[in-house]
Amino acid sequence: MTDRSAHFAAVYALLRAAGDVADHWVQTDFCAQTKGATDKSPVTFVHEDTEEKTVSGTAEGRRACAWHVTTYTATQAAVVVAGARVLGIRLHPGALAAALTISAATHYAADRRVPEGLLESLAKATRKTRFYRMADYGMNGAYALDQAWHHGWETVAAVVAARVGTTR
């Protein structure tokens, strides 16, 4: 195994683990529910502590998605930098920045999930509309396609980050 392939494997594992933590533990309930809001399809969020209702449209949906992607990317950056340090991998700062940009941009594109948005359109184009809309048998098709999308792009990001790495 070459250093580059080992670096790729390590960076991918770090990106994926951090992404999972960021998507499910770091992301706020508000962002999770509101990030797909539009003026045509507003989202009503009920605050858990106060039961106060907030109706969000396009601007709030974009802000919620941007904030989620910011915390997601910050989590990935912290985990990859710390993990690479512990593993003795020196990543080129520009390559790491490019990798995190790929992850962030593609994450926003998928997570904005407005009606007829990117993932739904891709599902339709690939004849997976029924799978996308499935929400039965303990399964959620849109979520599964969302996660597969993130895994794929994190693979690309890991290739970019590992491309110029060296061992300490």
Participant: Do Val26 and Val81 share a hydrophobic cluster, counting only Ile, Leu, Val, Met, Phe, Trp and Tyr and linking them when any side-chain heavy atoms are less than 4.5 Å apart?
Facilitator: no
Participant: Tell me, with the steps shown, if Asp23 and His150 meet side-chain contact (heavy atoms from CB on, under 4.5 Å).
Facilitator: CA-CA 10 Å; Asp23 248 356; His150 297 327; 3.8 Å; yes
Participant: Can you tell me how far CZ of Arg4 sits from CZ of Arg163, rounded to the nearest 0.5 angstrom?
Facilitator: 4.5 Å
Participant: I'd like to know if the side chain of Asp39 and the backbone of Gly57 have a donor-acceptor N/O pair within less than 3.5 Å.
Facilitator: no
Participant: Is the side chain of Thr155 donor-acceptor paired with the backbone N or O of His151 at a distance under 3.5 Å, no angle test?
Facilitator: yes
Participant: To check you understand the geometry: which heavy-atom pair defines the closest contact between Ala110 and Leu118, and what is its length?
Facilitator: N-CD2, 4.3 Å
Participant: Report yes or no: do His47 and Asp29 form a side-chain donor-acceptor pair below 3.5 Å?
Facilitator: no
Participant: Going from CZ on Phe30 to OG1 on Thr54, what distance comes out if it is rounded to the nearest 0.5 angstrom?
Facilitator: 6.0 Å
Participant: Do Leu96 and Leu14 land in one hydrophobic cluster if side-chain heavy atoms of ILVMFWY residues count as linked below 4.5 Å?
Facilitator: yes
Participant: Roughly how far, to the nearest 0.5 Å, is OG1 of Thr75 from CG of Leu15?
Facilitator: 11.5 Å
Participant: Are the side chains of Trp153 and Ile102 in touch, meaning some heavy atoms are under 4.5 Å apart?
Facilitator: yes
Participant: Counting distance only, does the side-chain N/O of Ser103 pair as donor-acceptor with the main-chain N or O of Glu154 below 3.5 Å?
Facilitator: no
Participant: I need the Thr28 OG1 to Phe45 CZ distance, nearest 0.5 Å.
Facilitator: 7.0 Å
Participant: How many angstroms lie between OG1 in Thr71 and CD in Gln76, if you round to the nearest 0.5 Å?
Facilitator: 10.5 Å
Participant: Quick one: does any side-chain atom of Gln147 pair with a main-chain N or O of Tyr143 as donor and acceptor, under 3.5 Å?
Facilitator: no
Participant: Show, in sequence, the C-alpha distance, side-chain angles and deciding distance for Tyr108 and Lys35, and conclude whether the side-chain contact (heavy atoms from CB on, under 4.5 Å) test is met.
Facilitator: CA-CA 9 Å; Tyr108 184 92; Lys35 64 189 177 186; over 6 Å; no
Participant: Using a 3.5 Å distance criterion without hydrogens, assess whether the side chain of Thr44 forms a donor-acceptor pair with backbone atoms of Val55.
Facilitator: no
Participant: Let's go through Val160 and His92 carefully: what are the C-alpha distance in whole Å and the side-chain angles of both, what is the deciding distance for side-chain contact (heavy atoms from CB on, under 4.5 Å) to 0.1 Å, and is it a yes or a no?
Facilitator: CA-CA 10 Å; Val160 169; His92 187 279; over 6 Å; no
Participant: With a cut-off of 6.0 Å (strictly less than), are more than 12 heavy atoms of other residues, nucleotides or ligands near CH2 of Trp149?
Facilitator: yes
Participant: Looking at Ala77 and Leu100, what are the two nearest heavy atoms and their distance?
Facilitator: CB-CD1, 3.6 Å
Participant: Indicate yes or no for a side-chain donor-acceptor contact from Ser121 to the backbone of Gly117 under 3.5 Å, with no hydrogens or angles considered.
Facilitator: yes
Participant: I need the Leu87 CG to Arg85 CZ distance, nearest 0.5 Å.
Facilitator: 12.0 Å
Participant: Take Asp146 and Asn140, measure what side-chain contact (heavy atoms from CB on, under 4.5 Å) needs, and give me the verdict at the end.
Facilitator: CA-CA 10 Å; Asp146 169 90; Asn140 180 304; over 6 Å; no
Participant: Please tell me whether Asp111 and His107 have a donor and an acceptor in their side chains that are separated by less than 3.5 angstrom.
Facilitator: yes
